[in-house]
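The structure appears below as structure tokens.
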Amino acid sequence: MAKSAGSAKKEPLKIQADKFLNRELSWIEFNGRVLREGLRSDIPLLEQLNFLSIVTSNFNEFFQVRVASVRRLLKNAPGGKDISGRTPKQQLKDICLRAREVMAQQQDALKKKIIPALAKEGFVYKKPAQFSVQQKEFAQEIFKSQILPLLTPLRTDGDEFPKIANLKWHAAFLLKQISGIKISNKEFAAKPGTPIVALVQIPDAIPNLIWLPGQKEGDKEFSFLSDLVLQFGSQLFDGYEAKESLLFNLALDADFAVDEDANDIVQAMQEVLVARQSSFAVRMVCDKSSAEIQKFLAQKLKLKSDDIYAFEGLVDAASLSELGDSENTDHLRNKRWEHFPSSALPEDEPYWDTIKRRDVILHVPYESYNPVVKFLNDAADDPQVLSIKMTLYRTGRGSPIIGALERAARNGKQVAVLVELKARFDEERNIAWAEELERAGVLVVYGLANLKVHAKILMVIRREQDAFKRYVHLATGNYNPRTARIYSDLSLFTANHEIANDATKFFNIVTGYSALQKMKYLSMAPVDLKSKLLSMIQREIELSTPQAPGLIIAKMNSLADEEVISALYRANRAGVKIMLNVRGICMLLPGVPGMSENIRVVSIVDRYLEHSRVFYFQNGASPEIYLASADWMPRNLDRRIELMFPILDTDAFKEIKRILDIYFKANINSYELQSDGSWTALKPKAGQEPLRAQEILYNEYKARHERSKAPKTRFTVRRK
């Protein structure tokens, strides 16, 4: 095999062009920031491991979707260039170089930092070559009784190469027939002149962590299921011995589009899921134990050397993460943070009267997600509620939201739910939910042709004093109670009449036949959300003066839209100050004289995943704040149904502005994008107080909760 890319000393990779950073390389840099958090020794050991595991899962999806997409571009439009000026071939080369660097750093950290640190805590990883006599006997017995029956060896010399499951670990064995043993039936013998290679998938049915008998009391020694399969797997092949073995997994192309013209969208989506399991290989991760097997697999799978990521003594971060389920590991984790009840919503009564009086902001996971679940449960059981309408993009397993919707339908209420089947990697789960909802009598709408419905909106219609009252919930994150424990998101409960009118129009548009209607407060992609953003940026330009410069503050997951970035550059040249908090992809280049010297970009990487989208425009002396489901990316602004909504309530406005400001004061767990495309970790300057945004927010919500529990002071009036 050709010498793998990245083995020689190389110059630092330049990821930007004159005006725009490359999208894919910017995403890899985000994973670089996650990796750097995993390298920090000042956070607990299992939290370090968690960050390293996130790097793995992020790269798995990245290769399946983004790299597969670039591979298609190389085939179909090899001469085309992205806005950073790169052809598909150049993009793939640069992706390979930088991804290999990050993954090599991750492997180095796992082997040289995490595993030795775990050993100091009493968790000792042992490879089969290090087993004691007792441990070897134990491992052999475990393999024979519990593992061997689950293994299915696959030969590779047939007419078709075996289908290899996506992202599943496999052991490959290079076999040699044992001298003196003849295979009586030639049909079962290997074809002459071809390497004898067999594949075995590592089973998922049992834990990957294998606890070994300790040599002394209190020892917690372990190995991995894959180690035992590689060590004893030759027992599967009577008459053969294993000359070499290799551990590997494949990332397969998952960048499939559903046939939007299909008569049955559910069936079309199921066909996509089937096709995904047998698509072409995009990347192979493997150890370096057998160059011959590696070369064989590369040829069979049509992989180039750049597509192979081979590491000495490969360690799977996800397998190590299983140690977190062990007893007595609390000291290796962050101190638990609570999810506090909302101080604005009553715990023991419905919310109708509270929301009628004023808008309420919910900030998860600092505040509990329970109010959203309670809001739906109350609506399901309230005899005055007539109808519930909502969108569902992703939600969790066993979701109480699904249960509330089913109960509402069984209680005779009209329940309409728009389920977006095309939420990538959640398609199968969404199909199951949709069918379950339909069986309960819910009216299920399966999205819109050619557009993913990514908006997060819920409306409850209630009869009150011979009139209808509408209550609306709008959010930056999905209706998913599980992710609401680790994703930072904002949402709004409101009974504002105009917003309710807009919500009614929105549901008419996405569930039925309705001409696009102008909405007063809600902006909808791909109709007018982008034009609204551009017009507000232009307004800042027009109102900005040297004495009173304009101000734009925005927080989002990704910034990649060329028109929006160009508009921000124009605003910069007009003297507008621009502050951006971008968690992941950022294709804007800050700090360049004459183009972006007034633009600052920071990124928070901490225990919670930053997911909220918040946009502030100074607008002269009349500032505005908007929340949205949409990032500033072409897919969100041009190819998805998204919603942006204003914060109209004065108290809610002040609260969100305060939250937004905190993110830009942080000097811990915060990174700043430089004019060369690199990211610098921020540190407190001399004499400066360390400020960690998520910790500040947590402590504020904690203090608010404690104040709400404090007994109210009662004053006694003295009378003569």
For [X] against [Y], the heavy-atom pair lying closest together:
| X | Y | answer |
| --- | --- | --- |
| L332 | E121 | CD2-CD, 3.6 Å |
| L39 | A109 | CD2-CB, 3.4 Å |
| P690 | I668 | CB-CG1, 4.1 Å |
| Q64 | A251 | CG-CB, 4.2 Å |
| Y369 | P481 | CD2-CA, 3.7 Å |
| L45 | I114 | CD1-CD1, 3.9 Å |

Can you confirm whether the side chains of [X] and [Y] place a donor and an acceptor under 3.5 Å from each other?
| X | Y | value |
| --- | --- | --- |
| Q694 | E610 | yes |
| Q105 | E101 | no |
| E700 | Y698 | no |
| D489 | T476 | yes |
| K456 | N478 | yes |
| R573 | N598 | no |

Within 6.0 Å of [atom1] in [X], more than 12 heavy atoms from elsewhere:
| X | atom1 | answer |
| --- | --- | --- |
| K93 | NZ | no |
| Q688 | CD | yes |
| Y487 | OH | no |
| K577 | NZ | no |

Going by heavy atoms in the side chains, are [X] and [Y] under 4.5 Å from each other?
| X | Y | result |
| --- | --- | --- |
| S488 | Y366 | yes |
| L697 | I662 | yes |
| L490 | L362 | no |
| K220 | V124 | no |
| V601 | E672 | no |
| D606 | R692 | yes |
| F62 | N31 | no |
| Q91 | T87 | no |

Distance-only, no hydrogens or angles: does the [X] side chain make a donor-acceptor pair with backbone N or O of [Y] under 3.5 Å?
| X | Y | answer |
| --- | --- | --- |
| N699 | E695 | yes |
| Y569 | L589 | yes |
| S670 | I604 | no |
| S708 | H705 | yes |
| Q48 | I43 | yes |
| S566 | E563 | no |
| N22 | I95 | no |
| N572 | M595 | yes |
| H339 | E367 | no |
| S544 | G550 | yes |

Review point. Between CD of E655 and CZ of F653, what distance do you get to the nearest 0.5 Å?
Key: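 So the CD of E655 and the CZ of F653 are separated by 12.5 Å.
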Check your understanding: Would E47 and R607 satisfy salt bridge (Lys or Arg N to Asp or Glu O under 4.0 Å), going step by step from the backbone distance to the final call?
Key -> CA-CA 8 Å; E47 303 300 339; R607 67 157 69 186; over 6 Å; no
Does the Lys NZ or Arg CZ of [X] fall within the cation-pi geometry relative to [Y] - under 6.0 Å from the ring centre and within 45° of the axis?
| X | Y | answer |
| --- | --- | --- |
| R583 | F30 | yes |
| K555 | F615 | no |
| R66 | W27 | no |
| R600 | F664 | no |

Review point. Who are the side-chain hydrogen bond (donor to acceptor under 3.5 Å, both in side chains) partners of R635, not counting sequence neighbours?
Key: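 With sequence neighbours excluded, R635 shows a side-chain hydrogen bond (donor to acceptor under 3.5 Å, both in side chains) to no residue whatsoever.
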Check your understanding: Can you name the one residue among V582, T680, L21 that meets side chain to side chain contact (heavy atoms under 4.5 Å, CB included) with L673?
Key ->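 It is L21, the one option of V582, T680, L21 that forms the side chain to side chain contact (heavy atoms under 4.5 Å, CB included) with L673.
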Is any NZ, NE, NH1 or NH2 atom of the basic residue among [X] and [Y] found under 4.0 Å from an Asp or Glu carboxylate oxygen of the other?
| X | Y | result |
| --- | --- | --- |
| R98 | E29 | yes |
| D651 | R358 | no |
| E37 | R40 | yes |

Practice item. For the residue pair Y479 and H473, categorise the inter-ring angle as parallel (less than 30°), tilted (30 to 60°) or perpendicular (more than 60°). Key: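 It falls in the tilted class, 30° to 60°.
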**Study point:** Contacts of type salt bridge (Lys or Arg N to Asp or Glu O under 4.0 Å), residue D661, not counting sequence neighbours
**Key:**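 For D661 the salt bridge (Lys or Arg N to Asp or Glu O under 4.0 Å) partners, ignoring immediate neighbours, are K657.
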Point to revise | Steps toward salt bridge (Lys or Arg N to Asp or Glu O under 4.0 Å) verdict (R86, D82) | key: CA-CA 6 Å; R86 285 173 170 79; D82 74 330; 5.6 Å; no
Check your understanding: ring pair (Phe, Tyr, Trp, His ring centres under 6.0 Å) with F224: which residues, sequence neighbours excluded?
Key ->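 For F224 the ring pair (Phe, Tyr, Trp, His ring centres under 6.0 Å) partners, ignoring immediate neighbours, are Y125, F222.
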